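Input: a single structure, listed below in structure tokens.
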There are 2 protein chains.
Amino acid sequence: MAGSPAPVAFRPIHTRRAFEEICDRIREQLARGALKPGDKLPPERDLAQQLGVSRNVLREALRSLEMAGVLRLQKGVKGGAFVQEGDTSRMNVVMRDMLSLGTISIRELSEARVQVLDLVVRLACANARQADFEALQANVERTELFTREGRLLERVECAREFYKLLGLACGNKVIAMITDAVTEIHMRFVYAKVASSGVAMTRLGERRRQFLAALRERNVAAAARLMRNHLGAVQKMLEQDPGAMSLQIALAEINSGMK
Amino acid sequence: MAGSPAPVAFRPIHTRRAFEEICDRIREQLARGALKPGDKLPPERDLAQQLGVSRNVLREALRSLEMAGVLRLQKGVKGGAFVQEGDTSRMNVVMRDMLSLGTISIRELSEARVQVLDLVVRLACANARQADFEALQANVERTELFTREGRLLERVECAREFYKLLGLACGNKVIAMITDAVTEIHMRFVYAKVASSGVAMTRLGERRRQFLAALRERNVAAAARLMRNHLGAVQKMLEQDPGAMSLQIALAEINSGMK
DNA sequence: GATTATTAAATGGATCACCCATTCAATGGA
DNA sequence: TCCATTGAATGGGTGATCCATTTAATAATC
């Protein structure tokens, strides 16, 4: 009667809970440099008392930070909560969750991967160093070994590593992290496809050799073209025999810790 | 004596703990589609009994998943643990942690941002739709409003939104997520710089208008050039008067929930 | 004396039994 | 019809207690 509800959308208030406060305080210490990788937090019993909370609540916070890759909890005397080196694979977990929740689609992920890899190839051409070439070379040789011996599933793992090395060859860990994030799940699909159908990419070693040669010559146009073609071929392989794979099945395998 | 320690490096085994198992099981249900956004998990007391663990341990798992953006816990009768829509800002948190832990540097983040935005501009030129242009247009107008009224800090928030909209204009949520992740922290630095020194970008509205015009014409070369120049100018602004800003200060502000 | 077994303390892992605060539907009175 | 009250469901939080693992100190054995 006296006016309809206002059209503004109110976001629900998250009542501030103890464990959130604790997480933030610890992150704050990390940000200001008071805590660094390798450092140890006080024992749970002490820290709980310092913060004025129960041990249970403190543990909820520590667990959350452990899941976030910030802490590592270790038992025993001389154990404790240690600040970890940053775990770059946390971004993969986020990507996986987004996919599981339907926030992003496998199609969007694949498209993004193509674009990111195009960028990565250009950057790698510009920035790759001798050590990067050697690591990629060794990877290609392992790929060919697995091909010869018919160890196709191991070859898929090898392929994932190839893209990881390529990301690192850009000389920028942020780019490397993004590259791995958009690649990991894709390779899980490939793995599941190969495992279920037995089909796999033909002439993979040859393709890799050509690509690496272009990279070594810092021939951006050639390297980018080869990568584009390769990704297209892989996509075609994945899409043939439709219905043999489903998002649910592949994701379920991913989460059941296939690796 | 009888041989030095083997050169192989053993990674420490993470003894499988109950809360990890629980997290995995819930994520597995998400992956197989048995749980979808909006769904409610059983009450803590029930679920704990079903899983055969104590309520405290279950809560550690639920809290971790809440921190990961997968669940939302709500009090009261009719409350419970609800599966959330995917929270794309979780990637920002990962990026922040990596910076705090020193795994990535602010320099790497800035470089990655330049590269990612170059890609974004190209994609936005190709894929942006009328609604995207309109949202960007509205953003530019707000930018000009804030400029006229000297509300510089609000203008920075507006700028962050600009890049967010640009990411969305690519028509790919993965790209949009990445764009936001590499932009958020950068804008925090800009915010801190503006707040501390009062200096700010000159002719920002004009630059935005030019860029948006190029985007509307789908003129990739022009749009990319304008973006590149702009990012360079911003970088120069940030670097002048060195020492006025530090990573620690900016990160501390970020973590104390400036937003 | 060197090696090996034992012991004890520190610390995270987990459980149980409570109590509080919030939320919302049902109830009942004005 | 409307509003106040009440009570049950549910997450938020506490404290005490025990277990399992790890390490160092100690004792026993060769």
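None of these values were measured; they are calculated from a predicted model. Order of the sequence lines fixes the chain letters, A, B, ..., with proteins taken first and strands second; residue numbering starts at 1 for each chain.
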- Query: Are Arg155(B) and Glu161(B) close enough for a salt bridge, meaning some N to O gap below 4.0 Å?
  - Reply: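 No, this pair does not count.
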- Message: Strictly below 4.0 Å, N to O, side chains only: are Glu154(B) and Arg142(B) in salt-bridge contact?
- Response: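 No, Glu154(B) and Arg142(B) are not salt-bridged.
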Can you check whether any acceptor in the base of [N] is under 3.5 Å from a donor in the side chain of [X], or vice versa?
{"X": "Arg16(B)", "N": "dG13(C)", "answer": "no"}
{"X": "Arg45(A)", "N": "dG12(C)", "answer": "yes"}
{"X": "Arg59(B)", "N": "dG13(D)", "answer": "yes"}

Tell me: [atom1] of [X] to [atom2] of [N], nearest whole Å?
{"X": "Leu65(B)", "N": "dG11(D)", "atom1": "CG", "atom2": "P", "result": "14 Å"}
{"X": "Arg17(B)", "N": "dC19(D)", "atom1": "CZ", "atom2": "P", "result": "21 Å"}
{"X": "Asn56(A)", "N": "dC20(C)", "atom1": "CG", "atom2": "C1'", "result": "15 Å"}
{"X": "Gln49(B)", "N": "dC16(C)", "atom1": "CD", "atom2": "C1'", "result": "13 Å"}
{"X": "Gln74(B)", "N": "dG11(D)", "atom1": "CD", "atom2": "C1'", "result": "10 Å"}
{"X": "Leu73(A)", "N": "dT21(D)", "atom1": "CG", "atom2": "P", "result": "16 Å"}
{"X": "Arg72(B)", "N": "dG12(D)", "atom1": "CZ", "atom2": "C1'", "result": "16 Å"}
{"X": "Lys75(A)", "N": "dT21(D)", "atom1": "NZ", "atom2": "C1'", "result": "5 Å"}

- Query: Which sits closer to the 5' end of DNA chain D, Gly52(A) or Glu44(B), going by the nucleotide each is nearest to?
  - Reply: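 Taking each residue's closest nucleotide, the earlier one in sequence belongs to Glu44(B).
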Between [options], spot the one nearest the side chain of [X], thanks.
{"X": "Pro43(B)", "options": "dG15(D), dG12(D), dT10(D)", "answer": "dT10(D)"}
{"X": "Val57(B)", "options": "dT11(C), dA14(C), dG11(D)", "answer": "dA14(C)"}
{"X": "Arg55(B)", "options": "dT14(D), dC24(C), dG11(D)", "answer": "dG11(D)"}
{"X": "Val77(B)", "options": "dT15(C), dA8(D), dC18(C)", "answer": "dA8(D)"}
{"X": "Lys78(A)", "options": "dG12(C), dG11(D), dT23(D)", "answer": "dT23(D)"}

- Item | Cation over ring face, Arg113(B) and Tyr163(B), 6.0 Å, 45° |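 Yes, Arg113(B) lies over the aromatic ring of Tyr163(B).
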- Item | Residue pair Gln137(A) / Glu141(A), side-chain donor-acceptor N/O under 3.5 Å |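 There is such a pair between these side chains.
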- Within the distance-only criterion (no hydrogens, no angle test), does the side chain of Asp180(A) pair as donor or acceptor with the backbone N or O of Met177(A) below 3.5 angstrom?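 Not a single qualifying donor-acceptor pair exists.
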